[in-house]
There are 2 protein chains.
Amino acid sequence: MIRSGFFKSVVALEDGRDQVTGFHMAGEVLGMDGLDTECHAADVTALEDSEVCIIPRARLNDPALQRSLCKVMSRELARDHGVMLLLGSMRSEERLATFLLNLSHRLVARGFSAHEFHLRMTREEIGSYLGLSLETVSRLFSRFHLEGLLCVAQKHICIRDIDGLRALTGICPVIGLSRDARNVRQRTESRPAAV
Amino acid sequence: MIRSGFFKSVVALEDGRDQVTGFHMAGEVLGMDGLDTECHAADVTALEDSEVCIIPRARLNDPALQRSLCKVMSRELARDHGVMLLLGSMRSEERLATFLLNLSHRLVARGFSAHEFHLRMTREEIGSYLGLSLETVSRLFSRFHLEGLLCVAQKHICIRDIDGLRALTGICPVIGLSRDARNVRQRTESRPAAV
DNA sequence: CGGTAAATTGATCTCCATCAAAGATAGTGG
DNA sequence: CCACTATCTTTGATGGAGATCAATTTACCG
């Protein structure tokens with residue numbers, strides 16, 4: 001569990017390609033994939049001086065700990081689904097806007113400023129996380145700067161127009177019926193699923 | 001928990017866009033996102049007649065059940081990270097090949113044929129899951145057919161050259177050091193992280 | 001058999017990756 | 001203290017993979 005600092009996790013393919021699957025900050029728990037296999041799919045790297053709290057494998061039998069780990073994992077599942085949606089159906093500008101808003105949100109929750117912060121990761125790492133090239137990320141930062149959405153100086157970011165950023169995104173994953181829910185219902189009516 | 005049948009889960013954005021985040025079959029557990037919030041990010045739909053086993057919320061306090069749910073969720077986290085890698089850094093042909101191999105693998109584990117099966121979902125649903133348009137999926141099926149990798153007749157699929165398919169993929173997520181692990185180590189040497 | 005949803009195939013376009021080169025920054029060693 | 005070097009960033013030019021638009025064709029179900 002992260003006490004302080006900032007981390008990235010990376011999943012690799014055999015051929016050398018890899019992808020950043022997440023950025024993590026204080027309070028989050030690392031390495032919950034492969035809790036059963038004892039084998040982790042991701043490498044985790046600290047992006048600044050950091051402190052962690054190690055949870056011994058033996059303590060995993062503690063029911064209280066298990067209950068909270070369950071909750072943490074379920075939240076992470078929901079988060080990952082949001083990222084899948086981002087990677088699968090958003091355009092580049094939406095991806096970066098979503099990313100920045102999410103970052104801002106998490107920093108606020110930890111008592112930092114909502115609109116001014118220091119990026120711990122490189123453009124390449126952001127790009128990897130968002131499924132974009134580092135050049136595209138850089139160009140987007142420049143464009144957002146020009147459009148008055150952000151003030152960008154290297155890794156120092158200042159959000160100038162948070163509503164403008166929100167307008168770029170499809171807002172965020174929402175709970176409720178999906179677009180084709182109506183079709184699906186017709187379908188299950190015609191072929192009723194014995195659930 | 002799925003007793004029999006086939007499901008998809010879908011995450012939606014407010015603006016109407018949505019994305020299939022997974023296909024699920026017998027033995028898998030649904031709805032583990034939002035285990036804490038009581039609020040699920042995804043809608044789940046049966047794609048054929050199916051049977052499920054409902055787990056009452058009250059039983060979530062049972063430590064034995066919690067232990068197994070933890071394991072199930074950790075596996076799902078690893079799976080989702082694989083999908084993120086697929087969405088973020090694979091080309092269309094790799095995505096479809098990976099998808100088919102994964103499907104085959106899971107069917108074998110349930111006692112079905114490894115190389116012959118019936119797709120329960122439409123091209124559009126496959127495309128949504130893989131971050132591709134339905135036309136691209138259709139074209140890929142046609143190409144794979146021409147190249148002798150598959151025998152495609154609508155939703156009936158027959159894998160003719162499984163090694164050929166494997167060759168198209170970056171094989172699969174692998175455990176170990178990521179490509180830039182060496183750089184990262186230099187970096188942590190120069191700025192040692194107090195972990 | 002009609003009517004509807006799904007699949008196929010073609011033509012065109014666009015967003016973003018890639019290639020390339022020049023600046024900026026920070027850490028290193030003389 | 002400053003030049004040196006490696007890494008990171010920015011910006012431009014070009015090309016291509018896949019989206020989109022459009023038109024049939026095929027399968028499916030009442």
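Below, chains carry the letters A, B, ... as their sequence lines are ordered, and counting in each starts from 1.
- Rounding to whole angstrom units, NE2 of residue A:H156 and C1' of C:dA26 are separated by 12 Å.
- For the pair A:I55 and A:L65, the minimum side-chain heavy-atom distance is below 4.5 Å.
- With respect to A:E125 and A:R120, no salt bridge is recorded, no charged nitrogen being found less than 4.0 Å from a carboxylate O.
- Taking the six-membered ring where the residue is Trp, the centroids of B:Y129 and B:F23 are separated by under 6.0 Å.
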Every protein N/O within reach of nucleotides 17-21 of chain C N/O, cut-off under 3.5 Å:
{"unit_1": "C:dA17", "atom_1": "OP1", "unit_2": "A:G131", "atom_2": "O", "d": "3.4"}
{"unit_1": "C:dA17", "atom_1": "OP1", "unit_2": "A:S133", "atom_2": "N", "d": "3.2"}
{"unit_1": "C:dA17", "atom_1": "OP2", "unit_2": "A:S133", "atom_2": "N", "d": "3.3"}
{"unit_1": "C:dA17", "atom_1": "OP2", "unit_2": "A:S133", "atom_2": "OG", "d": "3.0"}
{"unit_1": "C:dA17", "atom_1": "OP2", "unit_2": "A:T136", "atom_2": "OG1", "d": "2.3"}
{"unit_1": "C:dT18", "atom_1": "O4", "unit_2": "A:R139", "atom_2": "NH2", "d": "2.9"}
{"unit_1": "C:dC19", "atom_1": "N4", "unit_2": "A:E135", "atom_2": "OE2", "d": "3.2"}

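- Rounding to whole angstrom units, CZ of residue A:R123 and C1' of C:dT25 are separated by 13 Å.
- Residue A:S142 is classed as a sugar-phosphate contact, given heavy-atom separations below 4.0 Å to backbone atoms only.
- Taking the charged nitrogens against the carboxylate oxygens, A:E93 and A:R139 have no contact shorter than 4.0 Å, which rules out a salt bridge.
- The environment of NE2 in A:H105 is sparse: at most 12 heavy-atom neighbours from other residues, nucleotides or ligands sit within 6.0 Å.
- If you take CE of B:M90 and P of C:dC16, they are 21 Å apart, rounded to a whole angstrom.
- Checked for salt-bridge contact, B:R79 and B:E28 miss the test: no charged N lies under 4.0 Å from a carboxylate O.
- Atom pair A:L150:CG and D:dT10:P shows a separation of 12 Å (rounding to whole Å applied).
- Considering A:R110, A:E48, A:E51 in turn, A:E51 is the only one that fulfils the side-chain contact (heavy atoms from CB on, under 4.5 Å) rule with A:S4.
- A donor-acceptor contact closer than 3.5 angstrom links the side chains of B:S9 and B:H24.
- The side chain of A:T122 places no N or O atom within less than 4.0 Å of a non-bridging phosphate oxygen (OP1 or OP2) of D:dT7.
- Between A:R143 atom CZ and D:dT11 atom C1' the separation is 15 Å, expressed in whole Å.
- Rounded to a whole Å, the CG atom of B:L134 is 19 Å from the P atom of D:dT25.
- Annotation: B:L146, atom CG; neighbour count of heavy atoms from other residues, nucleotides and ligands within 6.0 Å is above 12.
- Atom pair A:L96:CG and D:dT9:P shows a separation of 13 Å (rounding to whole Å applied).
- Separating the CD atom of B:E125 from the C1' atom of C:dA6 is a distance of 11 Å, rounded to the nearest angstrom.
- For B:Q154, the listed nucleotide lying nearest its side chain is D:dT26; candidates were D:dT10, D:dG18, D:dT26.
- For the helix from C:dC1-D:dG30 to C:dG30-D:dC1, the end axes, each set by the C1' atoms of five terminal pairs, are bent relative to each other by 50° (nearest 10°).
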